[in-house]
Amino acid sequence: MSSESQPNASPHDAVKRSRFTHRQLHLLRQGSTATPLRAIAHIDLDAFYAQCEMVRLGTPRDRPLAVQQWGSLIAVNYAARPFGVTRMITAPEARKACPNIVLQHVATFREGEGGKWAYRDDSSMNISTDKVSLDPYRAESRKILKTMKEALEQWCTTESDGDTYHYTQGLSAALEKASIDEVFIDLSPLVYSVLLQRYPELRPGLQEENRDVELPPPPTTAVQWHPEDCLVDLDLHEREEDDPDWDDIVMLVGSEIVRTVRQAVWDVLHYTCSAGLARNKMLAKLGSACNKPDKQTVVRNRAVQHFLGGYRFTQIRMLGGKLGDQITSFFGTEKVSELLNVPLEQLRAKLDDHTASWLYGIIRGEDRSEVNPRTQIKSMLSAKSFRPSINTLEQAEKWLHIFAADIYGRLVEDGVLENRRRPKVITLHHRTAQTRSRQIPIPASNIIDENLLFELARTLMRQVMTDGQPWPCSNLSLSVSSFEDGVTKNKAIEGFLVRGDQAKHLNQNSRPRDSLPTLSESIPMGKKRKLEDDGIKRFFGQPARTDRTVGGPDFPSPHNSEVSGDLVPPAQVSEIVDESSAIPQYKCDRCSRSICELEREEHEDWHFAKDLEIQDRQEARDMQHQPSNPNPNASRGSASTRGRGARGGRGKPERGQMRLAF
DNA sequence: TCTTTGGCC
DNA sequence: GGGGCCAAAGA
């Protein structure tokens, strides 16, 4: 982005301006990946499993503790590390290095004791009959996520004057659970909201104003960082004495928000965590690991080059594996600083175009991957390695019982009993010399219980045995996947929301309320889920305001809403119809929609932002492809996934913008 | 549908 | 370094 590399306005300028434009600020509002003002946090629990045990057992923070799995350690708390205890060493070695250490074995299931896990004194000696359970950690993870969400919500409910409210209401932060102990948070909309409250000069001006004009400079000459913020040193040509620009202020506000989130996790649940804050996920993730434990690290835009230059690129997300090794051998270095000297053309010569341009950008600190607001789990797996290998069907079936019980218990937590969600596929993995797997559908007619899972697993096991040489078997695992929403949940949703096509046909269509599925068969399952998650989240996160029913050019018309999976609240629909004659309307010349006059400004803002995103996305497509976008359809206000061209019908509405069903 | 890869504690 | 996960791409 050229604006990022421009120096600050020089002192002789008559009127100092920011390097950033109104357009770039405005893109924060919908969490666009295109703006250099973006604020992304990565939060990582410190030695998570160890902390879980410290909390559960009530041990003091300075008491060394490690979590044991059979003879080895899988997590070591910070109090134990000065003694040389690491995950590499065995439990007896840890005891020797640190006699005072608490060595807590993970909870286990035990053969013949049903589906209940327990903490047992003798589990380390019972590797042949026990199977580890990570359930206690999953439960803590859920609590932590909930606490973080609640802390973030504090920043959404703003008591500001009506003008600011107009621009900031309904904004919230996207939270992506990256693993059992890590989350990404897109703070951009919250930061935008705070900026507009604290700096009225940033509020969108008159309609005529050119959004390419630079913002006024921040009204401060020095940023007051919190004493506990760890700041990455600035790039060589930057100086701390230089006046801050809005990207510095964005990081300041972001770090304030992150601090309250971390504080809430400590106050409520007594867990410490470390955070990284930067303009994108890649930098935030590297940042969170810089100062552990219990610290937060801020990577300002002006520090990115210096920060990344010190890394090996193999430490960057997606480059830790074979791709990173390949690149290392092609170019003879692991250092980011040296790879920076390789021109794009040379990268292209060795790597495919997508990967080459992604790599070129990523080592320069550019990463436009989105924070994917995903909370629900997509599969569940229960596994066991056998040393020595097992050799009979009887032995295998004992483990299948335990797997079935384990997974069933987790499904219950997930809501199978209430029919909220249910998996459609069950898979058995089996390892001898090679790994083989077989999968079958879970019959939709059956109620899922432990026994059904076991019988399906046994069927798969028999298939595996007739396939080839089943023994000796060194590893077995059972998993369920392809989750689908169940009857009860859809019923509940239908009370509030109907899809566009359903709204259209609501009165003609006598389809039974409890029949399934409600989503169009034309959409692959994975996409359906995301669309639905988002639709629901957005709807409930949005205060009901009938005058917010604005739309844009890419809002599918009724005929293609059929495949969009988008959701429309019926109450809204009827209210709109009722009120449309009473409220002054104007017809938007961009999209030919009738918009209520009160919403005119916002609607036009919306078109403006939309245009920018389209433009920007096009640049991004040309310039910067990721080698493997982990989730091309997950979106949060990005134009790439919204309806145009071949994928035109797949779009979903912008936050807070409801589609008319007619 | 099945296998492989990556990432993490 | 390996057991036990989870997600997604590749084939």
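To find a chain, count down the sequence lines: A is the first, B the second, and so on, and within it residues start at 1.
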> Can you find a heavy atom in the side chain of A:Ile402 that is under 4.5 Å from one in the side chain of A:Lys384?
Replying inline: no
> Taking NZ, NE, NH1 and NH2 as the nitrogens, is one of them in A:Asp135 or A:Arg138 under 4.0 Å from a carboxylate oxygen of the other?
Replying inline: yes
>> For A:Ala47, give me all partners under side-chain contact (heavy atoms from CB on, under 4.5 Å), at least two apart in sequence or on another chain.
In response: A:Ala50, A:Tyr78, A:Arg81
>> Using the ring pair (Phe, Tyr, Trp, His ring centres under 6.0 Å) criterion, which residues pair with A:Phe331? Sequence neighbours excluded.
In response: none
> Under 4.0 angstrom, heavy atoms only, what part of the nucleic acid is A:Arg436 near: base, sugar-phosphate, or nothing?
Replying inline: sugar-phosphate
> What is the 5' to 3' range of DNA chain B, first to last nucleotide, that sits under 4.0 Å from any heavy atom of chain A?
Replying inline: B:dT1 to B:dC9
>> Less than 4.0 angstrom between a side-chain N/O of A:Arg410 and OP1 or OP2 of C:dC6, yes or no?
In response: yes
>> Heavy atoms within less than 4.0 Å of DNA chain C: which residues of residues 118-132 of chain A have one? Give them sorted by number.
In response: A:Lys131, A:Val132
> Which of residues 399-409 of chain A have a heavy atom under 4.0 Å from DNA chain C?
Replying inline: none
> In whole angstrom, what separates A:His429's NE2 from C:dG4's C1'?
Replying inline: 13 Å
If you look only at distance, which donor and acceptor atoms sit under 3.5 Å apart when one is on a side chain in residues 286-295 of chain A and the other is two or more places apart or in another chain?
{"from": "A:Ser288", "atom 1": "OG", "to": "A:His42", "atom 2": "ND1", "distance (Å)": "2.7"}
{"from": "A:Ser288", "atom 1": "OG", "to": "A:Lys285", "atom 2": "O", "distance (Å)": "3.0"}
{"from": "A:Asn291", "atom 1": "ND2", "to": "A:Thr297", "atom 2": "OG1", "distance (Å)": "2.8"}
{"from": "A:Lys292", "atom 1": "NZ", "to": "A:Asp46", "atom 2": "OD1", "distance (Å)": "3.0"}
{"from": "A:Asp294", "atom 1": "OD1", "to": "A:Arg262", "atom 2": "NH2", "distance (Å)": "3.1"}

> Atom CZ of A:Arg138 and atom P of C:dG4: how far apart are they, to the nearest Å?
Replying inline: 12 Å
>> Within the 4.5 Å heavy-atom criterion, are A:Asp367 and A:Ile40 side-chain neighbours or not?
In response: no
>> Just the rounded figure in Å: distance from P of C:dC6 to NZ of A:Lys378.
In response: 13 Å
Show which side-chain atoms of residues 470-480 of chain A pair as donor or acceptor with protein atoms under 3.5 Å away, not counting sequence neighbours.
{"from": "A:Ser474", "atom 1": "OG", "to": "A:Arg431", "atom 2": "O", "distance (Å)": "3.4"}
{"from": "A:Ser474", "atom 1": "OG", "to": "A:Arg431", "atom 2": "NE", "distance (Å)": "3.4"}
{"from": "A:Asn475", "atom 1": "ND2", "to": "A:Ser385", "atom 2": "OG", "distance (Å)": "3.0"}

>> Could you check whether A:Glu140 pairs with A:Lys143 (Lys NZ or Arg NE/NH1/NH2 to Asp/Glu carboxylate O, under 4.0 Å)?
In response: yes
>> What residues from residues 380-387 of chain A pass a heavy-atom cutoff of under 4.0 Å to DNA chain C?
In response: A:Met380, A:Leu381, A:Ser382, A:Ala383, A:Lys384, A:Ser385, A:Arg387
> A:Tyr119: what forms a side-chain contact (heavy atoms from CB on, under 4.5 Å) with it, not counting sequence neighbours?
Replying inline: A:Glu53, A:Arg56, A:Gln104, A:Ala107, A:Trp117, A:Pro136, A:Tyr137
> Atom CD of A:Gln68 to atom P of C:dG4: distance rounded to whole Å?
Replying inline: 14 Å
> What residue pairs, at least two apart or across chains, pass ring-ring contact (aromatic ring centres under 6.0 Å, His included) with a residue in residues 400-437 of chain A?
Replying inline: A:His401-A:Phe454
>> What is the distance, to the nearest angstrom, from the CG atom on A:Leu323 to the P atom on C:dG10?
In response: 11 Å
> Taking only residues two or more places apart in sequence or in another chain, which ones pass side-chain contact (heavy atoms from CB on, under 4.5 Å) with A:Ser123?
Replying inline: A:His105, A:Thr108, A:Arg110, A:Arg120, A:Asp130
>> What's A:Ile89 touching, base or sugar-phosphate or nothing? Going by heavy atoms closer than 4.0 Å.
In response: nothing
> Excluding sequence neighbours, so at least two apart, what forms side-chain contact (heavy atoms from CB on, under 4.5 Å) with A:Val425?
Replying inline: A:Thr427, A:Gln439, A:Ser481, A:Ser482
> Which sits closer to the 5' end of DNA chain C, A:Ser379 or A:Asn475, going by the nucleotide each is nearest to?
Replying inline: A:Asn475
> Should we count CG of A:Asp121 as having more than 12 external heavy atoms under 6.0 Å?
Replying inline: no
> Which whole-number value in Å describes the distance from A:Phe483 CZ to C:dC6 C1'?
Replying inline: 12 Å
>> Distance check needed: C:dA9 P versus A:Asp352 CG, whole Å only.
In response: 14 Å
> Is the shortest heavy-atom distance from the side chain of A:Ile363 to the side chain of A:Tyr311 under 4.5 Å?
Replying inline: no
>> Could you tell me how far apart A:Glu370 (CD) and C:dA7 (P) are, to the nearest whole angstrom?
In response: 19 Å
